[in-house]
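This report refers to the structure that appears directly beneath it.
Order of the sequence lines fixes the chain letters, A, B, ..., with proteins taken first and strands second; residue numbering starts at 1 for each chain.
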Amino acid sequence: MAIHFYNTFSKMKEEFKPIEPGIARIYTCGPTVYDYAHLGNYRAYMFEDLLRRVLKFNGLKVIQVMNITDIDDKTIKGSKDRGIPLSEYTARYIKAFFADLKTLGIEKAEVYPKATDHIPEMVSLVKTLMDKGYAYQGEDGSIYFRIAKFEPYGKLSGKKINELKCGYRISSDDYSKEEASDFALWKGWTPQDGNVFWETELGKGRPGWHIECSAMSMKYLGSHFDIHCGGIDNIFPHHENEIAQSEAATGQKFVNYWLHCAHLMVEGEKMSKSLGNFWTLREVLDKGYDPRTIRFTLLSTHYRQPLNFTLEGAHASKESLNRLYDFINMLQRVKKPEGKSGETINALVENTREKFKENLNNDLNISGAIGTIFEMIKQVYLISKKNELNQAEAQLILDLIGEMDTVLGVLPSKEETLSQEVLTRIKLREEARQSKDWALADQIRDELLEMGIVLEDTREGTIWKKR
RNA sequence: GGCGCGGUAGCCAAGUGGUAAGGCAGAGGUCUGCAAAACCUUUAUUCACCGGUUCAAAUCCGGUCCGCGCCUCCA
């Protein structure tokens, strides 16, 4: 089944054809580790997680590279303000970042290169650009990319250089450029940088922001690879600049498919640090939401739609997942050896699998894919209601859900257990119910509910679940 | 101003030519000792608005209104 993605470059949905059959090489713009990442950042990483999972679901091997930007104005400022070395300052945020990824169930990329570990690669790339006349050194010692020489500049973002508003953030280094829109490949050392600098063939200084992505993606994925992702705000200037640097240096096409996700909104505005309206993962978890609920919330809206994050929405996600979990519990309790649903279940499972995949392969239509799961749930409940479901069929459905969860990643990783003490209380309640001591039975049920354990009395006896 | 995305029920959200998925929330009912879960019924004669194309439009075309993003920190 063909996979289609919306390519920012062509502004159209295109069939995905990997350069090397069977392998998808992906570069995803990662975090700048000057602070804790916020939910908006994680929306982007969640989208990239979905992308890699869907590719794998289709049987492709994925090689994903995600950079860690550990050198820029903000990290330098942060380390100076705290009076600690840059690497020590960034280490805590790198650690927090990986911890959050784990919490959210985001699969690890194959490579997480740090900018500071790749200075030689960047220097070499800048030298190539200088040799080819695409870069020049300004009076301030910085090296700039000569946009005027790269004719296709603007082809990703649809911007024309002469129409760009002049930046309002004109700093002294702008007087060293030939054109205001030229961007820094290498920044000459200034006193503000303190002891953060590298002595290289380009002089004393540090890399510009964009060059790391070109140097590191080419190192790990080759000079021409399949997919490059990021937030929509990276289209310009970041990705535009990456194309310019990379293609000017190698003379070949940099990336085939550019995928960008829309922003996470909060009360109608994008969540960002500069607006001060951001929530970290920890803050949301502290409001009592399960990590899987947050994962599902971030995942369940199509990546090109702005996602308005609200507590009401998180609640809806939580209840949706509960419906799924209850359904799984029900299937696990089916013990009937015989049944007469036969063909119906087989057809339903096949059909659901097909539609699920079809939706995902249509530009990662996760909302549609999730819809197919809940449609199936309803159908299966109707069949089970008539007591026509047997154990083998229940297992078939459980297997399908397990398969689909390789994409969703919302099922609990291991079975939950109760303490002996709680099990004893449940047993006591059973006895109370036998002797129709409803007061005691209800009291125990309320007691356990306080502890987050829900009891349900079914035909086959009492079952429990954690909520 | 330039470029881009969008407006579908109380909320979230699929659906790109064939007669409105799904989730949450609400109401009534079945089941239950009571609950819970599940099921049934119910909640958009209609997809921002106005024209047009078509046998047929939420979907295509033109226009209008509104919201959001980017235009050198940003996921």
Side-chain angles (χ1 to χ4, degrees), chain A residues 8 11 13 28-32 34 37-48 72-74 154 157-160 163-170 174 180-184 209-210 229-238 240-241 260-265 268-275 296-297 300-302 304-308 310 312-324 326-327 329-330 355 359 362 365-378 381-382 384-386 433 436-438 441-442 445-446 449 454-459 462-463 465 467:
Chain A
T8 307
K11 297 181 180 63
K13 271 189 203 174
T28 51
C29 280
T32 301
Y34 70 102
H38 61 65
L39 271 192
N41 300 121
Y42 287 119
R43 190 212 180 172
Y45 307 136
M46 194 65 79
F47 141 64
E48 289 151 1
D72 80 321
D73 291 353
K74 283 184 257 192
S157 58
K159 296 190 188 304
K160 297 184 181 69
E163 286 174 5
L164 292 177
K165 278 199 294 191
C166 268
Y168 1 95
R169 295 160 44 84
I170 290 177
D174 286 350
S181 48
D182 288 350
F183 59 91
W209 173 37
H210 314 292
C229 308
I232 197 168
D233 50 358
N234 275 160
I235 295 172
F236 189 87
H238 188 49
E240 194 69 73
N241 289 171
H260 294 95
C261 75
H263 285 125
L264 184 81
M265 316 287 287
E269 280 185 312
K270 86 166 179 174
M271 182 180 285
S272 76
K273 298 216 168 126
S274 48
L275 291 172
F296 193 72
T297 307
S300 55
T301 294
H302 183 86
R304 285 191 289 118
Q305 287 293 344
L307 192 168
N308 196 9
T310 60
E312 195 187 353
H315 175 77
S317 293
K318 179 187 160 95
E319 293 304 322
S320 298
L321 284 178
N322 279 159
R323 182 165 161 81
L324 177 63
D326 283 339
F327 177 68
N329 277 329
M330 181 280 286
K355 283 201 294 185
N359 273 296
N362 178 17
N365 183 356
I366 188 73
S367 311
I370 291 171
T372 64
I373 300 176
F374 285 98
E375 278 179 81
M376 175 185 76
I377 288 178
K378 186 159 193 157
Y381 265 128
L382 282 171
S384 83
K385 189 95 176 166
K386 288 188 269 179
R433 291 187 72 233
K436 299 198 191 301
D437 183 353
W438 307 127
D442 291 352
R445 186 169 61 192
D446 290 345
L449 187 61
V454 178
L455 297 185
E456 294 176 8
D457 302 318
T458 72
R459 230 180 305 182
T462 301
I463 61 164
K465 61 193 178 195
R467 278 287 141 91

What distance do [X] atom [atom1] and [Y] atom [atom2] have between them, rounded to the nearest 0.5 Å?
X        : Y        : atom1 : atom2 : result
A:Ile377 : A:Leu382 : CD1   : CG    : 12.0 Å
A:Cys261 : A:Met46  : SG    : CE    : 11.0 Å
A:Asp442 : A:Arg433 : CG    : CZ    : 9.0 Å

Please work out if [X] contacts a base, only the sugar-phosphate, or nothing of the nucleic acid, heavy-atom cut-off 4.0 Å.
X        : result
A:Ser157 : sugar-phosphate
A:Met271 : base
A:Ile373 : nothing

Working for side-chain contact (heavy atoms from CB on, under 4.5 Å), residues A:Arg323 and A:Lys378: CA-CA 10 Å; A:Arg323 182 165 161 81; A:Lys378 186 159 193 157; 4.3 Å; yes
Separation of the [atom1] atoms in [N] and [M], to the nearest angstrom:
N     : M     : atom1 : answer
B:A44 : B:G62 : C1'   : 27 Å
B:G18 : B:U59 : P     : 12 Å
B:G1  : B:U64 : P     : 12 Å
B:G26 : B:C11 : C1'   : 12 Å
B:C12 : B:A58 : P     : 22 Å
B:G7  : B:C49 : C1'   : 11 Å
B:A25 : B:U32 : P     : 24 Å
B:C50 : B:C65 : P     : 15 Å

Rounding to a whole Å, what distance do you find between [X]:[atom1] and [N]:[atom2]?
X        : N     : atom1 : atom2 : answer
A:Arg433 : B:A36 : CZ    : C1'   : 11 Å
A:Phe296 : B:C24 : CZ    : C1'   : 11 Å
A:Asp72  : B:C73 : CG    : P     : 11 Å
A:Leu449 : B:A37 : CG    : P     : 11 Å
A:Asn329 : B:A37 : CG    : C1'   : 10 Å

Contact list (N/O, under 3.5 angstrom) for nucleotides 38-40 of chain B vs protein:
residue	atom	partner	partner atom	Å
B:A38	OP1	A:Arg323	NH1	3.4
B:A38	N3	A:Lys385	NZ	3.2
B:C39	OP1	A:Arg323	NH2	3.3
B:C39	OP2	A:Arg323	NH1	3.4

Side chain A:Arg43, main chain A:Ala262, donor-acceptor under 3.5 Å: yes
Any donor-acceptor pair under 3.5 Å from A:Thr462 side chain to A:Asp457 backbone: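 No; zero donor-acceptor contacts below 3.5 Å.
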From [options], pick the nucleotide closest to the side chain of [X]?
X        : options             : value
A:Glu456 : B:A36, B:C24, B:A75 : B:A36
A:Ala44  : B:A75, B:C73, B:A35 : B:A75
A:Ala441 : B:G33, B:G22, B:G4  : B:G33
A:Lys159 : B:C71, B:A25, B:A75 : B:C71
A:Lys465 : B:G33, B:A75, B:A37 : B:A37
A:Glu319 : B:C24, B:A36, B:G69 : B:C24
A:Val454 : B:A36, B:G33, B:G69 : B:A36
A:Asp457 : B:A75, B:C68, B:A35 : B:A35

With a 4.5 Å cut-off on side-chain heavy atoms, are [Y] and [X] touching?
X        : Y        : value
A:Asn41  : A:His38  : yes
A:Tyr381 : A:Asp326 : yes
A:Pro237 : A:Phe183 : no
A:Lys159 : A:Glu240 : no
A:Leu449 : A:Val454 : yes
A:Lys355 : A:Glu375 : yes

Residue closer to the 5' end of RNA chain B, A:Leu275 versus A:Arg445 (nearest nucleotide): A:Arg445
First encountered from the 5' end of RNA chain B, between A:Gly371 and A:Lys273: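 Result: A:Gly371.
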Annotated protein contacts, base or backbone, on nucleotides 12-19 of chain B with a non-hydrogen cut-off under 4.0 Å, one of B, S, - each: -SSS----
Contiguous Watson-Crick or G-U pair runs (3 or more, under 3.5 Å) in RNA chain B: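 As far as RNA chain B goes, consecutive pairing (with distances under 3.5 Å) yields the stems B:1-7 with B:65-71, B:10-12 with B:22-24, B:26-30 with B:38-42, B:48-52 with B:60-64.
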Given A:Leu264, A:Ile366, A:Leu307, the one that forms side-chain contact (heavy atoms from CB on, under 4.5 Å) with A:Thr301: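 The side-chain contact (heavy atoms from CB on, under 4.5 Å) with A:Thr301 is passed solely by A:Leu307 among A:Leu264, A:Ile366, A:Leu307.
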Polar pair under 3.5 Å, donor/acceptor by atom type, side chain A:Arg459, base B:C31: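 Not at all, since no donor on one side and acceptor on the other fall under 3.5 Å apart.
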Smallest separation among heavy atoms of A:Phe47 and A:Cys229, with atom names: CE2-CB, 4.0 Å
